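The block underneath contains the structure these notes are about, expressed in structure tokens.
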Amino acid sequence: MTEFEAAVAKVLAGLGEGDVVTYGEVAAEAGYPGAARAVGRFLATHEGQPWWRVVTGTGRLVPQHTEEHARRLRAEGVTVVDGRVRLG
DNA sequence: TATCTGACGATAG
DNA sequence: CCTATCGCCAGAT
């Protein structure tokens, strides 16, 4: 577990049910602004993380995982339309 | 150390 | 709204 991973995991742990953030937000909160891709890699390689509460900067769900992603978000009360989270 | 890859992001067309 | 391209960072080989 690297410092970067620990920081990201900590930010994710702070999320609650129905809460959604972007990769950029997570990276910035973790102290690594601009490392959005690294966040995605972390979620993709590490299990046990609330990855479904993380979406792209435009509200798009995780590519190639939109089905499972949308399903999990809906389960937490998040409105998903056409593979995207309703921005409000 | 060099090179490639990916669940990203912003900009241009 | 879409796709295409470049820039970004951290990890793996």
Side-chain angles (χ1 to χ4, degrees):
Chain A
M1 188 66 107
T2 68
E3 194 177 329
F4 169 77
E5 293 172 339
V8 173
K10 187 172 183 177
V11 174
L12 296 175
L15 300 178
E17 217 173 90
D19 194 355
V20 179
V21 296
T22 69
Y23 287 93
E25 283 289 313
V26 175
E29 283 289 311
Y32 294 75
R37 295 192 74 159
V39 174
R41 191 197 57 75
F42 167 72
L43 293 175
T45 56
H46 293 72
E47 297 178 32
Q49 296 296 157
W51 61 268
W52 58 90
R53 301 202 242 232
V54 185
V55 299
T56 69
T58 59
R60 287 279 300 166
L61 300 186
V62 178
Q64 199 159 51
H65 293 275
T66 52
E67 303 270 323
E68 185 68 7
H69 201 164
R71 198 183 82 75
R72 286 178 180 269
L73 286 176
R74 287 179 197 263
E76 296 197 346
V78 179
T79 303
V80 180
V81 181
D82 189 43
R84 292 193 226 171
V85 179
R86 174 167 284 187
L87 288 64

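Computed from a predicted model, the values in this text were never measured in an experiment. Each chain gets a letter, A, B and so on, in the order its sequence line appears, and its residues count up from 1.
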(request) Go through A:Tyr32 and A:Val8 one step at a time and tell me if the side chain to side chain contact (heavy atoms under 4.5 Å, CB included) criterion holds. (result) CA-CA 9 Å; A:Tyr32 294 75; A:Val8 173; 5.9 Å; no
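- Taking the centre of each ring, A:Trp51 and A:His46 stay at or above the 6.0 Å mark.
- The residues A:Glu76 and A:Arg72 are annotated as not salt-bridged, no charged nitrogen and carboxylate oxygen being separated by less than 4.0 angstrom.
- Residues forming a salt bridge (charged side-chain N to carboxylate O under 4.0 Å, His left out) with A:Arg37 (at least two apart in sequence, or on another chain): none.
- Around the CD atom of A:Glu5, the shell of radius 6.0 Å holds more than 12 heavy atoms that belong to other residues, nucleotides or ligands.
- Secondary structure note: stems in DNA chain B built from 3 or more consecutive Watson-Crick or G-U wobble pairs under 3.5 Å occupy B:2-6 with C:9-13, B:8-13 with C:2-7.
- Scanning residues 14-24 of chain A for heavy-atom distances under 4.0 Å to DNA chain B yields A:Tyr23, A:Gly24.
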Notebook entry, point to check: Would A:His69 and A:Val55 satisfy side chain to side chain contact (heavy atoms under 4.5 Å, CB included), going step by step from the backbone distance to the final call?
Noted result: CA-CA 9 Å; A:His69 201 164; A:Val55 299; 4.0 Å; yes
Subject >> Residue pair A:Val39, A:Phe4: steps toward the side chain to side chain contact (heavy atoms under 4.5 Å, CB included) verdict >> reply: CA-CA 9 Å; A:Val39 174; A:Phe4 169 77; 4.1 Å; yes
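- Using a distance-only test at 3.5 Å, with no hydrogens or angles considered, no donor-acceptor pair links the side chain of A:Thr66 to the main chain of A:Pro63.
- Residues A:Ala70 and A:Val80 come closest through the heavy atom pair CB-CG1, 3.8 Å.
- More than 12 heavy-atom neighbours from other residues, nucleotides or ligands sit within 6.0 angstrom of CD on A:Glu68.
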* **CA sep, side-chain torsions, deciding dist, call: A:Leu43, A:Leu12, side chain to side chain contact (heavy atoms under 4.5 Å, CB included)** => CA-CA 10 Å; A:Leu43 293 175; A:Leu12 296 175; 3.4 Å; yes
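- Here the shortest heavy-atom pairing between A:Thr22 and A:Val54 reads C-CG1, 4.0 Å.
- Only A:Trp51, A:Thr56, listed by number, bring a heavy atom of residues 48-56 of chain A to less than 4.0 angstrom from any atom of DNA chain B.
- Between A:Ala27 and A:Ala35 the shortest heavy-atom distance is CB-C, 3.7 Å.
- Listed in residue order, the members of residues 63-75 of chain A having a heavy atom less than 4.0 Å from DNA chain B are A:Pro63.
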Going 5' to 3' through nucleotides 2-13 of chain C and flagging B where a protein heavy-atom sits under 4.0 Å of the base, S where only the sugar-phosphate is that close, and - otherwise, we get S----BBSSS--
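- Listed here is the closest heavy atom pair of A:Ala9 and A:Gln49: CB-OE1, 3.8 Å.
- For the pair A:Leu61 and A:Leu73, the minimum side-chain heavy-atom distance is below 4.5 Å.
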